Amino acid sequence: MKQEKLHFFTERLAAWFAGNHRPLPWKGEQDPYRIWLSEIILQQTRVEQGMPYFERFCREFPTVADLAAAPEDAIMKAWEGLGYYSRARNLHAAAKYVAYERGGVFPATYEGIRQLKGVGPYTAAAIASFAYGLPYAVVDGNVYRVLSRFGGIAEPIDSAGGKKTFAQLAQRALEVAPLPPGSYNQAIMDFGATHCKPKAPFCTDCPLSRECSAFQKGKVGLLPVKEKKIKRKKRFFHYLVANYGAEVLIHKRTGRDIWQNLYEFPLLEWPEAAASEEQIRRSAPWATLIGDRGAVVRQVSPPQQQALTHQQIQAVFWEVEVEGPPPAASELGPFIRAERKNLSKFAFPKIIDCYLGDNSLYLKLV
DNA sequence: AAGCCGGGGCG
DNA sequence: CGCCCAGGCTT
């Protein structure tokens with residue numbers, strides 16, 4: 001892109017920003033800990049969705065030392081429902097690193113920030129510019145969209161070459177912008193989020209449209225270009241809600257799969273949608289935990305749905321009253337006993353959280 | 001380079 | 001129902 005056009009872009013953007021920026025709780029924030037927290041929360045997450053989580057983390061974990069000292073389960077619980085739970089696990093690891101190996105001092109260089117777990121190029125640039133005024137351009141979904149449209153650049157944003165192209169262009173723009181790095185980064189993201197939106201952008205009322213290649217060519221709707229399309233695999237879960245008086249059994253998910261370190265009921269995964277009650281009774285974990293001592297109270301239907309990025313989860317909840325005491329500790333295996341009234345203390349995936357909410361009446365009465 | 005990791009909002 | 005969101009890690 002010609003230098004002249006780049007100047008036009010940054011000057012018009014700065015003028016737009018002067019009258020349109022979004023007032024957000026973390027704007028003007030000086031504390032690198034809070035800036036880091038907000039950026040991790042906002043990864044692949046809408047501002048409105050992340051806001052209450054940011055407030056909660058600031059309240060429950062006011063300093064990096066508080067976060068480092070917290071039990072992982074407490075952090076997972078605070079993160080419950082936000083998704084991409086590796087962010088929470090990495091957040092904890094990074095907090096312990098800063099608190100215990102750096103004496104509580106947050107890194108103040110791009111490279112130092114980039115070393116933190118869960119911090120990639122975008123987040124490092126965001127923290128470096130917001131907290132320390134360092135000249136690193138952020139490249140997030142908004143930036144890809146704004147630059148690809150304004151520059152008329154059809155190079156795929158999810159290719160190696162495209163990432164490099166847009167990163168270089170973003171950096172050039174930051175360096176000629178009549179704004180400090182942090183403000184410039186805020187400006188281009190606010191502009192992308194509220195004006196140059198994915199759908200129905202405000203092109204007819206846009207201060208950049210005169211030089212916007214996509215607008216001039218009528219190709220706004222075709223940019224940015226992505227080349228990879230995701231395919232969603234279907235999975236069929238059967239959750240065994242085994243009630244022993246006031247207690248149920250749960251376990252923590254481990255291993256390389258979704259929802260790591262979250263809790264759930266004993267799970268039977270079935271390769272296809274149809275599974276008879278007889279098949280489920282004969283399979284683990286039902287057969288091992290309950291045998292023939294269980295009476296089905298209710299099979300929650302229809303199956304509950306949960307869409308993930310690469311998977312479509314279909315879950316059936318089997319509520320079972322089991323005669324006799326819960327299994328002895330030696331026979332519990334990975335499962336733990338929990339009183340139903342204490343289930344809210346554990347972090348569950350959304351599909352189970354929804355089930356617990358919808359069935360709170362049953363859970364209180366029985 | 002490709003695959004994987006949540007959940008919600010919107011057209 | 002498909003796309004997108006203040007992306008990053010693993011393989």
Side-chain angles (χ1 to χ4, degrees), chain A residues 21-22 24-27 29 35-54 76 79-91 93-94 114-127 129-130 136-146 156-164 166-167 170 182 184-194 196-201 221-233 235 253 255-262 305-313 347-354:
Chain A
H21 74 91
R22 298 185 285 180
L24 298 173
W26 46 81
K27 277 193 181 174
E29 178 63 56
I35 293 172
W36 167 60
L37 204 50
S38 71
E39 292 304 332
I40 301 297
I41 287 173
L42 290 174
Q43 285 170 4
Q44 291 292 285
T45 303
R46 238 165 261 276
V47 165
E48 311 83 66
Q49 188 188 358
M51 196 110 64
Y53 287 85
F54 175 73
M76 298 307 288
W79 199 272
E80 182 182 38
L82 193 54
Y84 283 154
Y85 296 91
S86 66
R87 291 183 292 170
R89 299 191 300 269
N90 288 334
L91 196 70
R114 179 70 180 76
Q115 294 307 309
L116 302 175
K117 278 190 181 176
V119 173
Y122 161 77
T123 306
I127 298 172
S129 64
F130 297 157
Y136 293 88
V138 294
V139 185
D140 73 335
N142 295 304
V143 176
Y144 281 124
R145 186 170 55 257
V146 171
I157 63 173
D158 54 353
S159 67
K163 286 184 170 70
K164 193 170 178 182
F166 288 103
Y184 164 78
N185 281 336
Q186 297 277 12
I188 192 170
M189 289 194 287
D190 277 8
F191 181 74
T194 65
C196 193
K197 301 179 294 175
K199 310 278 182 174
L222 301 178
L223 296 171
V225 173
K226 267 191 188 177
E227 61 183 3
K228 299 178 180 63
K229 34 208 159 193
I230 59 155
K231 40 191 171 186
R232 208 165 261 163
K233 197 178 78 174
R235 297 177 74 177
R253 285 184 68 92
R256 291 193 304 274
D257 200 350
I258 56 174
W259 302 328
Q260 233 177 82
N261 292 13
L262 270 61
Q305 301 286 340
Q306 171 74 54
L308 310 185
T309 306
H310 290 89
Q311 305 182 25
Q312 178 69 37
I313 309 294
F348 295 103
K350 197 67 182 176
I351 197 167
I352 292 182
D353 209 38
C354 287

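Treat the numbers as computed from the prediction; the structure is a model and nothing was measured. Residue numbering restarts at 1 for every chain, and letters A, B, ... go by the order of the sequence lines. Just the heavy atoms: all of them, side chains too, but no hydrogens, waters or symmetry mates, feed the values below.
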| request: Go through B/dC5, B/dG7, B/dG11 for me and flag the one nearest to the A/Lys350 side chain. | output: B/dG7
| query | When the P atoms of C/dG8 and B/dG8 are considered, how many whole Å apart are they? | reply | 22 Å
| Under 3.5 Å, is there an N or O donor on one side and an acceptor on the other linking the side chain of A/Thr309 and the base of B/dG6? | yes
| request: Select from A/Gln49 and A/Ala160 the residue whose nearest nucleotide in DNA chain B is closer to the 5' end of that strand. | output: A/Ala160
| message | Need one value for A/Gln311: base, sugar-phosphate or nothing, where a base atom within 4.0 Å counts as base even if backbone is also close, heavy atoms only. | response | sugar-phosphate
| Base, sugar-phosphate, or nothing: which does A/Leu24 touch, judged by heavy atoms less than 4.0 Å apart? | base
| field | Rounded distance [0.5 Å steps], NZ in A/Lys233 versus CD1 in A/Ile313 | value | 8.5 Å
| task | Just call it for A/Ser159: base, sugar-phosphate, or nothing, with non-hydrogen atoms closer than 4.0 Å on any strand. | result | nothing
| message | What's A/Ile40 touching, base or sugar-phosphate or nothing? Going by heavy atoms closer than 4.0 Å. | response | nothing
| query | Hey, does A/Arg22 reach any base, or is it just sugar-phosphate, or nothing, if we go heavy atoms under 4.0 Å? | reply | base
| said: Need to verify one output field. Residue with the more 5' nearest nucleotide on DNA chain B, A/Thr45 or A/Ala200? | reply: A/Thr45
| request: Could you work out the separation of B/dC4 and C/dA6 based on their P atoms and round it to a whole Å? | output: 25 Å
| query | Has the side chain of A/Arg46 got a donor or acceptor that lies under 3.5 Å from a partner of the other kind on the base of C/dC4? | reply | yes
